[in-house]
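Shown next, in structure tokens, is the structure this report addresses.
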Amino acid sequence: MKVHVALNTPRFDESVRFYRTFLGLEPVKLKPGYAKFDVAEPGLNLTLNASNRIDSPAAGALNHLGIQVASTEAVREAAERLKAEGLATFEEENTDCCYALQDKVWVTDPNGYRWEVFVVKVGDTQPHLTAASPTAASSTAASSTDACCSSTCCHD
């Protein structure tokens with residue numbers, strides 16, 4: 001099990017540079033408008049998601065939180081547990097989200113924070129697509145993330 005934190009960022013290039021330095025790691029995935037850092041200890045899946053909403057109060061804000069699990073069965077077990085407690089869920093199977101094929105279940109806490117329990121089935125669904133440079137990633141972020149993800153996924 002690994003904690004997942006997804007951050008919106010209107011300053012995508014600067015954020016990638018910051019987290020490279022802060023974590024002392026290169027992103028394991030860097031695509032236009034999307035970067036993923038996989039921190040081993042403590043277990044953390046941190047993603048940066050380009051946001052066009054620079055003037056919004058949500059700019060730079062938390063996108064969503066999650067728990068990455070090892071199997072589709074673990075996602076199903078989480079969904080059943082949440083539903084059994086009367087929580088509203090939204091389930092996705094074989095969804096291409098953040099350049100990865102995933103199964104997931106979503107739930108929203110009483111404060112409006114969105115959580116997902118998810119498994120990554122295919123780590124990179126667009127291996128041919130790379131961010132040649134941080135500038136290229138930023139300039140194509142809006143169109144690429146729109147094509148990449150559903151509204152529940154990794155961007156605003």
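Values below: all heavy atoms of this structure, side chains included; hydrogens, waters and symmetry mates excluded. In this chain, numbering begins with 1 at the start of the sequence shown.
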Going by the rule side-chain contact (heavy atoms from CB on, under 4.5 Å), which residues pair with [X] if we only count those two or more places apart in sequence or in a different chain?
X    : value
V107 : L82, L87, W115
F18  : F22
E14  : R11, R17
K2   : D38, N45, Q68

State, with a plain yes or no, whether a side-chain heavy atom of H64 is found less than 4.5 Å away from one of W106.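 Contact flag for H64/W106 side chains = yes.
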Are Y99 and P32 packed together at the side-chain level, in the sense that at least one heavy-atom pair is separated by less than 4.5 angstrom?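 Result yes, sub-4.5 Å side-chain heavy-atom pair found.
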Looking only at heavy atoms, what is the nearest atom pair of [X] and [Y], with distance?
X   : Y   : value
L48 : F12 : O-CE1, 3.8 Å
A35 : L30 : CB-CD1, 3.8 Å
N49 : C98 : OD1-SG, 4.4 Å

For L65, run the side-chain contact (heavy atoms from CB on, under 4.5 Å) check against L62, N63, I67 and tell me which one passes. L62
I'd like to check the side-chain hydrogen bond (donor to acceptor under 3.5 Å, both in side chains) partners of T125; sequence neighbours left out, ordered by chain and number.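 side-chain hydrogen bond (donor to acceptor under 3.5 Å, both in side chains) check on T125 returns D96.
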Qualifying residues under side-chain hydrogen bond (donor to acceptor under 3.5 Å, both in side chains), relative to D124, sequence neighbours excluded: K31
Residues forming a salt bridge (charged side-chain N to carboxylate O under 4.0 Å, His left out) with E93, sequence neighbours excluded: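 With sequence neighbours excluded, E93 shows a salt bridge (charged side-chain N to carboxylate O under 4.0 Å, His left out) to no residue whatsoever.
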Taking salt bridge (charged side-chain N to carboxylate O under 4.0 Å, His left out) as the definition, give me every residue that meets it alongside K121, ordered by chain and number, with sequence neighbours left out. D103
Could you work out the complete set of other residues in the hydrophobic cluster of V122, with links drawn between I, L, V, M, F, W and Y side chains under 4.5 Å apart? L101
Specify whether H4 and F118 have parallel, tilted or perpendicular ring planes, treating 30° as the upper limit for parallel and 60° as the lower limit for perpendicular. perpendicular
So F37 and Y19, would you call those rings parallel, tilted or perpendicular, with 30° and 60° as cut-offs?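 Taking Y19 first and then F37, their aromatic rings sit tilted (interplane angle of 30° to 60°).
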Only pairs at least two apart or in different chains count here, so list each salt bridge (Lys or Arg N to Asp or Glu O under 4.0 Å) that has a residue in residues 78-90.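 Residue pairs with at least one partner in residues 78-90: E80-K83, K83-E91.
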If two hydrophobic side chains count as joined below 4.5 Å and joins carry through other members, does [X] share a cluster with [Y]?
X    : Y   : answer
V120 : M1  : no
V39  : V16 : yes
V5   : L23 : yes
L46  : V28 : no

As a quick check of understanding, evaluate side-chain contact (heavy atoms from CB on, under 4.5 Å) for C97 and K104, giving each step before the final call. CA-CA 10 Å; C97 177; K104 56 179 67 187; 3.4 Å; yes
Evaluate L7 against T47 for side-chain contact (heavy atoms from CB on, under 4.5 Å), listing each step before the verdict. CA-CA 6 Å; L7 301 176; T47 61; over 6 Å; no
Run the numbers on Q102 and E116 for side-chain contact (heavy atoms from CB on, under 4.5 Å), then give the verdict. CA-CA 11 Å; Q102 303 175 26; E116 65 176 331; 4.2 Å; yes
Would you say the side-chain atoms of K29 pair up with the backbone N or O of G123, donor to acceptor, closer than 3.5 Å? yes
